[in-house]
Amino acid sequence: MYLKSIYINNFKNFKESEFSFSERINCIIGPNGVGKTNLLDSIFYLSFCKSCFNNIDIANINFDEKYFALQGTYTNQNGDTDIFHCALSKDKKKIFKKNDKQYERLSDHIGQVPLIMITPYDILLINGGADERRKYFDAFISQFDNDYLVTVINFNKLLADRNKLLKNETGEFDADLFSVLNERMAYFGEKVYRKRKEVLENIIPIFQKYYKQISENETVSIIYESQLHKNNLLTMFENSIERDKIMGYTSAGTHRDDFTFLMNDNPVKNFGSQGQKKTFLLALKFTQQEYTFSKTRVKPILLLDDLFDKLDKSRVQQIISVVSSELFGQIFISDTDKSNLSTLFPKETATIIDLSK
């Protein structure tokens, strides 16, 4: 699947613009502030029904306008055309359509257009808290397993209900209600745990392969940390009720899981250089690309924002060699320096989109 064209209306700094793309490599160039990242984010939005950078939807509307609209025309794996349309007004519910048919649930769209985005903000996966890593792996899995996405949504809804009851200021305690909540949460939480464990075990060899292709100097791994390795989730919920009532939130469960990133058996967060951290993240995203393709037989669109920052030329060359393989489909790369992209991608193999003009 690839994006043939996109129409943007009132999205971030774009008033009304339309762009056509190559099915292989697209280089977006221009000085800082012209909208390179915003263009990539509009493409991201059409895959995930949200911005990669801003969780507040109305903040993506251009300045004093009342709405934004995005429309992408894609060629799918069967060679047919699919048109996805999104519109958001400040006073109306978000609308998302596929070929003029509106989705009943936005979650039904996830996975329709597989996409992976690599940005400088990905460093939060390493330096940030466990919630950043959980969200990343949940999004990773959801693109090829919609049932998993629904499971996570159901678990999170029940978790919010349980936490609300735990904060009950009246002091009343409904044991029967907590019993039902615990059983339902355990059902969904166990499914989340098993899927995370399965996927991580499957991707480790792929991840190590990509890291070695980019940099042969270190050994890397990822460890899935979960209370469920040694405990039954329902038992944990039942045994923690008294503590949870005091604390006012659910202290045990898959929402406490984490993923430890290791380099030479040490945490990348504490011992990795900026270049090593970026290489680690690139290898992880390339792993996501290959594994998603293996599950869907659709090559995800790959967005590379500010690729050259903190990487030496040899690593950049290795990265370009990787993404030029047949495992990768349509690629978008942004940079301020046209010469960087022109050197790596001759004109006959890449489409140049200059936003400074």
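Counting from 1, the numbers follow the sequence of the chain as shown.
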For F14 together with F68, are the ring centres under 6.0 Å from each other?
no

Can you give me the closest heavy-atom contact between D82 and N76, atom names plus distance?
OD2-ND2, 3.1 Å

L70 versus N9: any side-chain heavy-atom pair under 4.5 Å?
no

Check whether any side-chain heavy atom of L125 lies under 4.5 Å from a side-chain heavy atom of L281, and answer yes or no.
yes

Under 3.5 Å, is there a donor on one side chain and an acceptor on the other for D57 and Y45?
yes

Among D41, I61, N62, L39, which residue meets the side chain to side chain contact (heavy atoms under 4.5 Å, CB included) test with F11?
D41

Can you classify the ring geometry of F21 versus F19 as parallel (below 30°), tilted (30 to 60°) or perpendicular (above 60°)?
parallel

Heavy-atom count check: over 12 atoms from other residues, nucleotides or ligands less than 6.0 Å from N217 CG?
yes

Parallel, tilted or perpendicular: ring planes of H255 versus F155, cut at 30 and 60 degrees
tilted

Do the two ring centres, one from H109 and one from F48, sit under 6.0 Å apart?
no

Do L284 and F261 have side chains that approach each other closer than 4.5 Å (heavy atoms only, starting at C-beta)?
yes

Could you walk me through whether F237 and M185 pass the side-chain contact (heavy atoms from CB on, under 4.5 Å) test, one step at a time?
CA-CA 9 Å; F237 286 147; M185 286 180 66; 3.6 Å; yes

Hey, what's the ring geometry for F207 with F280, parallel, tilted or perpendicular (30° and 60° as the breaks)?
perpendicular

Give a yes or no on this: more than 12 heavy atoms of other residues, nucleotides or ligands lie within 6.0 Å of atom NZ of K212.
no

Provide the closest heavy-atom pair for L181 versus R162 in the form atom of the first, atom of the second, distance.
CD1-CA, 4.0 Å

Aromatic ring proximity Y224/F137, centre distance under 6.0 Å:
no

When you measure from the side chain of S89 to the backbone N and O of K92, does any donor-acceptor pair fall under 3.5 Å?
no

Check: I222 and T260 side chains under 4.5 Å, non-hydrogen atoms
no

Closest non-hydrogen atom pair between S47 and L115, with its separation
OG-CB, 3.4 Å

Can you establish whether the number of heavy atoms outside Y187 located under 6.0 Å from its atom OH is more than 12?
no

Does any non-hydrogen side-chain atom of K12 lie less than 4.5 Å from one of S51?
yes

Please examine the side chains of K277 and Q274, heavy atoms only from C-beta on, and report whether any two atoms are closer than 4.5 Å.
yes

Are the side chains of I6 and E18 in contact, using a 4.5 Å heavy-atom criterion?
no

Ignoring hydrogens and angles, tell me if any N or O in the side chain of Q330 forms a donor-acceptor pair with the backbone of M1 under 3.5 Å.
no

Tell me whether K94 at atom NZ has more than 12 heavy atoms from other residues, nucleotides or ligands lying less than 6.0 Å away.
yes

Would you sort out whether D244 and Y249 count as a side-chain hydrogen bond (donor to acceptor under 3.5 Å, both in side chains), showing the intermediate values?
CA-CA 5 Å; D244 291 352; Y249 62 86; over 6 Å; no

